[in-house]
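Chain identifiers are assigned alphabetically (A, B, ...) following the order of the sequence lines, protein sequences preceding nucleic acid strands; residue numbering begins at 1 within each chain.
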Amino acid sequence: MRYLSPAFRFVLLFTVLTGIIYPLAVTGLCQWWFPHQADGSLVRAKGRIVGSALLGQTFTGAAFFHPRPSAAGKGYDPMASGGSNLGPTNPMLLARVKAAVARFRRDNPAFRGPIPSDLLTASGSGLDPDISPASAYAQAPRVAKARGLSLILVRHLIGQTTQPRQLGFLGEPRVDVLRLNLALARLAPAGPATAPRSRPAM
Amino acid sequence: MTFNGVAQIVIFFLIVLALAKPVGIFLSRVFNGHRTFLHPPLRWLEALCYRLGGVDPEQEQRWTQYAISLLAFSAVSFLFVYAIQRLQGFLPLNPQHFGGKQVSPDLAFNTAISFVTNTNWQSYAGETTLSYFVQMAALTVQNFVSAAAGVAMSVALIRGFARRESKTIGNFWADLTRATVYVFLPLSLLGALFLCSQGVIQTLRPNLPVRTVQGATQVIPGGPVASQEAIKMAGTNGGGFFNANSAHPFENPTPLTDYVEMLFIFVIPAGLAYMFGREVGDTRQGWALFAAMSALFLAGAFFCYHFEQRGNPLLARMGIATQATAGQPGGNMEGKEVRFGITDSALFATVTTDASCGAVNSMHDSFTPLGGMVPLVNMLTGEVIFGGVGAGLKGMLLFAILAVFIAGLMVGRTPEYVGKKIEQKEVKLAMVALIAAAASILVFTALSSVLRFPAHGYWNPPGPTAANVANPGPHGFSEILYAYASTTGNNGSAFAGLNTNTPWYNLTLGLAMFIGRFIFLLPLLGIAGSLAAKKRLAVTSGTFPTHGPLFVSLLIGTVILVAALTFFPALSLGPIAEHYLLFSRHAMAAVKP
């Protein structure tokens with residue numbers, strides 16, 4: 001009893017302090033100072049919420065830039081975040097990438113050379129909002145053709161959307177796919193038919 | 001390796017190096033009850049805790065009393081976390097209406113042990129299992145107090161070395177309170193605000209379904225994430241709010257948050273190493289430990305980085321780039337996020353397992369065999385590299401005791417460490433701790449590799465326990481080994497393909513966490529008590545100096561040797577076999593069209 005009584009009291013005490021007061025205080029401050037971020041960095045287009053700037057979403061069809069394959073649910077499902085967890089020798093991984101490579105080569109006949117390492121591999125979260133700049137440029141000819149835009153313009157748009165390394169040295173340069181596609185839609189709002197030609201990789 | 005990649009790792013290390021001393025001094029003042037810059041605003045809160053807790057912070061405890069206080073606190077915490085999870089359907093802040101259906105008794109048992117022992121192994125996916133109330137009042141609380149209890153134990157062990165002819169090693173309740181009030185609360189508050197400013201969510205709204213640009217439905221999750229994320233890193237807990245953990249953009253949105261999260265993992269452990277030197281009256285002793293940790297850390301980080309950047313030869317054959325260029329990261333990007341690339345993913349994997357954190361920003365299961373072996377080996381060596389607040393410094397001191405014991409055997413003298421004679425009792429207790437951890441990992445891994453339960457039965461519905469793996473061949477064995485290494489080491493990261501949400505895995509992994517926390521750490525408190533009672537010996541010409549390069553090398557050698565002798569056979573069945581498989585002609589032929 002000599003030990004159990006303080007044990008009970010301290011558990012209760014810290015539950016109130018760190019489990020209720022602390023998170024509620026943080027919630028209040030964050031909602032006050034950073035309401036946009038605290039709510040999920042929601043993105044609006046044409047007056048409605050179309051997603052979050054931080055979460056990737058599925059894009060199909062030749063006229064949109066495609067994100068990476070996603071292992072989250074049926075693809076970019078935030079209710080099932082996670083990676084494929086396939087090991088490097090797993091035949092399932094090899095078959096998946098092989099199929100994705102074939103599809104990518106078919107859809108992007110203008111692209112030659114090795115495919116950027118991120119474009120056909122699934123991310124850890126399944127919600128990766130970004131692709132590498134090289135992955136965006138690799139898709140540029142296809143998108144330009146489908147939209148009836150000049151390749152130079154599309155490449156320029158990618159350049160504008162590219163975020164450099166943070167503070168000049170942290171992480172990797174990246175292109176937010178949702179932002180790029182929204183910018184594209186503003187540029188060529190009534191683009192030609194965007195009917196999906198192929199399912200996204202994976 | 002790229003220039004930028006090397007720079008990111010080196011700069012990270014330099015920041016840790018720069019923080020070790022100021023943080024160490026701060027910790028040392030806090031736990032000695034001296035005034036710090038945080039006392040004016042927070043002294044009242046500390047006093048309030050003692051009053052409401054009904055304890056006298058000045059009352060010193062023997063190691064047995066200290067240990068019983070810890071056990072009592074952990075036991076009550078366990079009951080709380082278990083009960084809150086099972087009752088979540090009747091509790092507030094549950095916008096998704098989760099109930100007991102999501103949390104079976106064996107899962108609740110596993111999660112309760114997991115968070116109470118600072119492991120934060122997760123057999124569940126947070127976003128579809130637990131209410132906001134459970135995440136806050138059960139899990140966030142344990143993120144704080146299991147870390148505070150871990151720091152308390154480290155401090156008690158340091159006192160064992162620092163005190164002379166003393167029967168006591170401090171007061172558990174005072175250490176627990178001070179760690180929470182002066183260290184974790186302020187650090188988490190700052191961290192949470194910073195993380196939120198970068199994009200980590202902090203909201204109590206329910207999940208928000210939206211229509212995407214192409215008209216599909218996507219559910220944008222909500223939750224008090226930033227507040228939990230900050231303490232998850234600072235307390236080296238590692239249990240994610242979401243299933244994807246720190247790979248999830250809502251937990252870790254930018255490269256800067258990633259860097260800060262890694263610093264949060266290392267800052268307190270690095271400070272504790274300095275504090276050790278300061279407390280025993282010779283800061284060189286602390287720097288010696290720091291040097292050994294640094295060498296092992298940098299070796300692991302660059303080893304992992306090298307193999308991840310080299311990439312997967314089987315994918316390279318299909319036309320996937322493995323060379324990094326200005327526009328893409330190259331390497332093995334399966335399971336990694338673009339914003340972190342190869343470097344920050346490899347660095348994070350090393351940091352999170354050097355410390356007993358276990359948060360992940362990439363899926364270790366999809367690492368190359370040798371890249372993925374780095375986190376595995378880090379955990380098998382007992383997470384002694386900076387080590388996290390849960391186990392770190394304590395494990396390194398244990399190896400220091402072994403190192404001086406081995407040195408003593410070689411020259412035929414009674415070993416000493418920082419002025420304390422290391423005798424039979426200390427070495428025996430150290431061996432109990434080491435053997436308990438090794439046995440837990442190896443025995444449970446062996447059992448789970450061969451046991452067969454009836455299919456669709458209670459214990460393991462898939463039938464054979466080896467059938468729960470997601471990857472065939474040696475990689476499947478690595479998944480099982482990683483699971484028990486992670487839980488025994490109170491780490492919590494996973495080769496996440498393994499399905500562990502079955503009664504067999506939930507219970508044995510829970511037991512492994514229990515062994516890793518209590519059977520590993522209680523002997524260390526025993527050592528603390530025994531050492532505190534000893535006299536301090538004067539330094540003579542015959543004393544083996546434990547602050548020079550010779551001792552640092554010996555210490556590193558001991559860590560590697562013990563791990564190698566114990567775990568090399570298991571490693572060669574898993575990652576090493578897979579590495580040769582990956583690069584062998586056989587594997588190449590297997591993927592030929």
Side-chain angles (χ1 to χ4, degrees), chain A residues 3-4 6-11 13-15 18-20 23 26-27 30 34 37-41 49-52 54-55 57-58 78-79 81-83 85-90 94 97-98 101 114-118 121 123-125 127-134 166 169-172 174, chain B residues 52-53 55 68-69 72-73 76-77 80 136-137 140-141 144-145 192 196-197 199 201-203 210 212-213 218-221 224 227 242-244 247-249 253 255-256 312 315 318-321 327-330 333-339 341 362-363 365 368 470-471 475 496-497 582 591:
Chain A
Y3 295 97
L4 277 182
F8 266 105
R9 285 154 167 250
F10 270 97
V11 170
L13 177 69
F14 284 132
T15 300
T18 65
I20 294 173
V26 172
T27 307
C30 289
F34 317 110
Q37 294 94 317
D39 254 358
S41 308
I49 300 172
V50 295
S52 162
L54 297 175
L55 303 182
Q57 53 179 259
T58 307
M79 292 295 100
S81 66
N85 286 315
L86 298 176
T89 50
N90 193 321
L94 305 178
V97 174
K98 200 173 148 195
V101 168
I115 299 167
S117 65
D118 59 302
T121 46
S123 65
S125 63
L127 302 170
D128 196 341
D130 304 311
I131 53 179
S132 66
Q166 212 171 2
F169 76 104
L170 285 177
E172 294 289 331
R174 56 207 167 103
Chain B
L52 294 179
V55 298
I68 294 171
S69 303
F73 183 73
V76 174
S77 295
F80 257 65
M136 284 165 49
T140 304
V141 174
F144 273 96
V145 297
C196 185
S197 77
I201 60 171
Q202 180 73 22
T203 170
V210 302
T212 64
V213 173
Q218 189 182 37
V219 180
I220 310 289
S227 54
F242 300 111
N243 187 47
H248 197 297
L256 184 61
N312 183 339
L315 296 193
M318 299 177 188
I320 305 283
Q328 54 95 34
M333 281 298 286
E334 181 72 19
K336 297 190 181 65
E337 304 283 299
V338 168
R339 60 192 180 283
S362 55
M363 295 303 136
D365 212 349
T368 59
N471 288 283
H475 196 91
L582 182 61
V591 295

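- The candidate from B/Pro221, B/Ser362, B/Pro224 with the greatest count of non-hydrogen atom pairs under 4.5 Å with chain A is B/Pro221.
- B/Val55 places a side-chain heavy atom less than 4.5 Å from the side chain of A/Phe10.
- Most heavy-atom pairs under 4.5 Å with chain B, from the set A/Cys30, A/Gly51, A/Pro129, A/Ser41: that is A/Cys30.
- Contact of the B/Glu334 side chain with the A/Ser123 side chain is not registered, since no non-hydrogen atoms from C-beta on lie closer than 4.5 Å.
- Counting only heavy atoms from C-beta outward, the side chains of B/Lys336 and A/Thr121 never approach each other to under 4.5 Å.
- The residue among A/Leu86, A/Ile49, A/Asp130 with the most heavy atom pairs within less than 4.5 Å of chain B is A/Leu86.
- Chain A forms the most heavy-atom pairs under 4.5 Å with one residue out of B/Ala137, B/Ala247, B/Ser197, B/Pro253, and that residue is B/Ser197.
- Most heavy-atom pairs under 4.5 Å with chain A: of the set B/Val145, B/Thr212, B/Val210, this distinction falls to B/Thr212.
- Shortest non-hydrogen contact noted between B/Ser77 and A/Val11 is OG-CG2, 3.5 Å.
- At a 4.5 Å heavy-atom cutoff, the contact between A/Leu13 and chain B is made by side-chain atoms alone.
- Of the charged side-chain nitrogens involved, none lies within less than 4.0 Å of a carboxylate oxygen, so that A/Glu172 and A/Arg174 do not count as a salt-bridged pair.
- For the side chain to side chain contact (heavy atoms under 4.5 Å, CB included) with B/Ser227, the lone residue among A/Thr18, A/Thr27, A/Val26 that qualifies is A/Val26.
- A side-chain donor-acceptor contact under 3.5 Å links B/Gln328 to the backbone of A/Ser117.
- By number of non-hydrogen pairs under 4.5 angstrom with chain B, the leading residue of A/Gly40, A/Pro78, A/Gly82, A/Pro133 is A/Pro78.
- Both the backbone and the side chain of B/Val213 come within contact range of chain A, each with at least one heavy atom under 4.5 Å from a heavy atom of that chain.
- Each of A/Pro114, A/Ala134, A/Pro116, A/Ser125 has some count of heavy-atom pairs under 4.5 Å with chain B, and the biggest count is that of A/Ser125.
- Within the 4.5 angstrom heavy-atom criterion, atoms from both the backbone and the side chain of B/Val219 approach chain A.
- Taking the six-membered ring for Trp and thresholds of 30 and 60 degrees, B/Phe242 and B/His248 have nearly parallel ring planes, at less than 30 degrees apart.
- Of the residues considered (A/Ile115, A/Asp39, A/Val101, A/Asp118), A/Ile115 shows the highest number of contacts with chain B, using heavy-atom pairs under 4.5 Å.
- A heavy-atom distance below 4.5 Å is found between the side chains of B/Asn471 and B/Asp365.
- Between chain A and the residues B/Gly53, B/Gly330, B/Ala72, the most heavy-atom pairs under 4.5 angstrom are made by B/Gly53.
- Contacts of B/Thr368 with chain A are made by backbone atoms alone, with heavy-atom separations under 4.5 Å and no side-chain atom involved.
- With chain A as partner, the option from B/Ser69, B/Gly341, B/Gly497, B/Gly335 having the largest number of non-hydrogen pairs under 4.5 angstrom is B/Gly335.
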